[in-house]
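Read the structure below first, then the notes.
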Amino acid sequence: MNSLDQAASAFIELRPHLFGIAYRMLGSAAEAEDILQEVWLRWQNTDRSAVENPSAFLATITTRLAINVARSARARHETYVGPWLPEAVDTSLDPTVGAEREEALELAVLLLLERLTPTERAAYVLREAFVYPYTQIAEILQLSTANARQLVSRARKHVAGARHEPIDKAEHRRLLKVFLDAAQTGNLGALEDLFAADVVSTSDGGGMRGAARIPVMGGDRVAKFVRTFAPRLWPGEEVTWVEANGRAGVLVPRDGGALMLLTIEASPEGIHHLMWILNPAKLDAFERSRSRKNHFGVT
C-alpha cells in the first residue's frame with residue numbers, strides 16, 4: 001500500500017467521527033461535508049510521517065475549521081429568511097454519526113448550541129458527545145486545561161438550563177403519531193391536549209412561498225395553525241417514517257418528492273416544539289444523508 005493509499009485508509013476510518021464533530025458544531029450536513037473535503041486535502045498535503053496520532057491531528061483540523069465556519073454561519077443565520085432550523089440527518093444507518101454517545105445530536109439540542117459561542121460549542125461537543133479528555137480539548141482549542149474545563153462547564157449550564165426533560169424514543173414516536181392523527185383530522189381539542197404550555201411551531205422554509213415566516217407560540221394558537229393549514233400540510237399521500245437525528249420524524253410527500261420533514265421536541269409535559277423543515281435544500285440534504293456512502297466515502 002503506497003503512502004496516499006495509507007492516508008486514504010486512515011481518513012476513511014476516521015471520517016464518521018470527524019463528520020460527527022463538524023455536524024454537531026454547525027447543524028449542517030452540507031457544511032460538515034465541505035469541511036471534511038478541506039480536511040482531506042490538508043491531510044494529503046501533510047508530512048504524515050511527522051504525525052504521531054492521525055486521529056488527534058485530523059480532529060484538531062476539523063474542529064478549528066468548524067469554529068471558523070460557525071463564526072460566519074452566525075451572521076448568515078441572522079439574515080436567513082424566516083426561522084432557521086438545523087439541517088436534519090438520517091441516523092438509522094449510523095445512529096450516533098461517529099460519536100460514542102448520542103449527545104448533541106437531537107435537533108432541539110443543536111438549536112440550543114446555536115446560543116453558545118463557536119468555541120464553547122466545540123468544547124461542549126468534544127466533551128459531551130465524544131468524551132475527549134480536557135487536556136486534549138485544551139490542545140485543540142489552544143487554551144489552558146483550566147480554561148477548557150470552564151468552557152465545558154459554562155456550555156453545560158447553558159444547555160441544561162434551557163433543555164426540557166427528555167423522554168425515551170418509544171414515547172417520542174408515540175406522541176408524534178398521536179399528533180399526526182389529530183393534525184390530519186383537525187381535532188383541535190386533541191391537539192391542545194398534546195401540547196406543553198410553552199409549545200412553539202417553527203417552519204423553516206428558507207424564504208419559500210407558503211412557509212410561516214415567524215414561529216407560532218402557545219397551545220391554542222399552534223392548534224389553530226395546524227388545523228387551518230391541514231389541507232396544505234397533509235396532501236393525502238402516505239407519510240414515510242424516518243429517523244431524524246436519533247428521533248422519529250415523518251417525511252410528507254408531494255408529487256413524488258418530499259414536501260416537508262416534521263419532527264418534535266417533547267418531554268413528560270407534552271410536545272414543546274413542532275419543527276417543520278420545508279426548505280428544499282435541507283430536504284435534499286436529508287435525502288442524501290439516507291445513504292451510508294454520504295458518511296463514509298472519500299470524494
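With 3.5 Å as the limit, one finds no donor-acceptor pair spanning the side chains of Y134 and N147.
The shortest distance between side-chain heavy atoms of F195 and L274 falls below 4.5 Å. Looking at L262 and L251, their side chains never come closer than 4.5 Å, going by heavy atoms from C-beta outward. For the pair P54 and R48, the minimum side-chain heavy-atom distance is 4.5 Å or more. L18 places a side-chain heavy atom less than 4.5 Å from the side chain of F11. V39 is listed as a side-chain neighbour of L58, based on a closest heavy-atom distance under 4.5 Å. Contact annotation: the side chain of T263 never approaches that of H273 to less than 4.5 Å [non-hydrogen atoms, C-beta and beyond]. E87 has its side chain out of reach of F286: every pair of non-hydrogen atoms, C-beta onward, lies at least 4.5 Å apart. Residues F229 and S201 fail the side-chain proximity criterion, which asks for heavy atoms closer than 4.5 Å.
Under a cutoff of 6.0 Å and an axis angle of 45°, R15 and W40 do not form a cation-pi pair. By the 6.0 Å and 45° rule, R156 does not stack over the aromatic ring of Y124.
Atom CD of E13 has 12 or fewer heavy atoms from other residues, nucleotides or ligands within 6.0 Å. Residue E139 places its CD atom among 12 or fewer non-hydrogen atoms of other residues, nucleotides or ligands, all under 6.0 Å distant. The 12-atom threshold is not exceeded at CD1 of I214, counting heavy atoms of other residues, nucleotides or ligands nearer than 6.0 Å.
With respect to the salt-bridge test (charged N to carboxylate O, under 4.0 angstrom), the residues R247 and E243 do not qualify. Between D181 and K177 there is a salt bridge, since a side-chain N of the basic residue sits under 4.0 Å from a carboxylate O of the acidic one. With respect to the salt-bridge test (charged N to carboxylate O, under 4.0 angstrom), the residues K169 and E106 do not qualify.
Here the shortest heavy-atom pairing between K282 and D204 reads NZ-OD2, 2.5 Å. For the pair V222 and V216, the tightest heavy-atom approach, listed with the atom from each and the gap, is CG2-O, 3.4 Å. Closest of all the heavy-atom pairs between T91 and A244 is OG1-C, 4.3 Å. The nearest pair of heavy atoms linking V51 to T46 is CG2-CG2, 3.9 Å.
Hydrophobic cluster membership is shared by L283 and W84, with clusters built from Ile, Leu, Val, Met, Phe, Trp and Tyr side chains linked at under 4.5 angstrom.
The backbone N or O of G20 sits less than 3.5 Å from a side-chain atom of R24, completing a donor-acceptor pair. Listed for the S267 side chain is no donor-acceptor partner under 3.5 Å among the backbone atoms of P166. Using a distance-only test at 3.5 Å, with no hydrogens or angles considered, a donor-acceptor pair links the side chain of S72 to the main chain of V69. Under the 3.5 Å distance criterion, the side-chain polar atoms of T60 are matched with a main-chain donor or acceptor of A56.
For T119, the side chain to side chain donor-acceptor pair (under 3.5 Å) criterion is met by no residue, not counting sequence neighbours.
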W276 and V226: CA distance, side-chain angles, deciding distance, side chain to side chain contact (heavy atoms under 4.5 Å, CB included) verdict | CA-CA 11 Å; W276 315 83; V226 172; 4.2 Å; yes

Return all side-chain donor-acceptor pairs below 3.5 angstrom for residues 108-117, not counting sequence neighbours, or 'none' if the list is empty.
| residue | atom | partner | partner atom | Å |
| --- | --- | --- | --- | --- |
| E114 | OE1 | H77 | ND1 | 2.8 |
| E114 | OE2 | R121 | NH1 | 3.4 |
| T117 | OG1 | E120 | N | 3.1 |
| T117 | OG1 | E120 | OE1 | 3.4 |

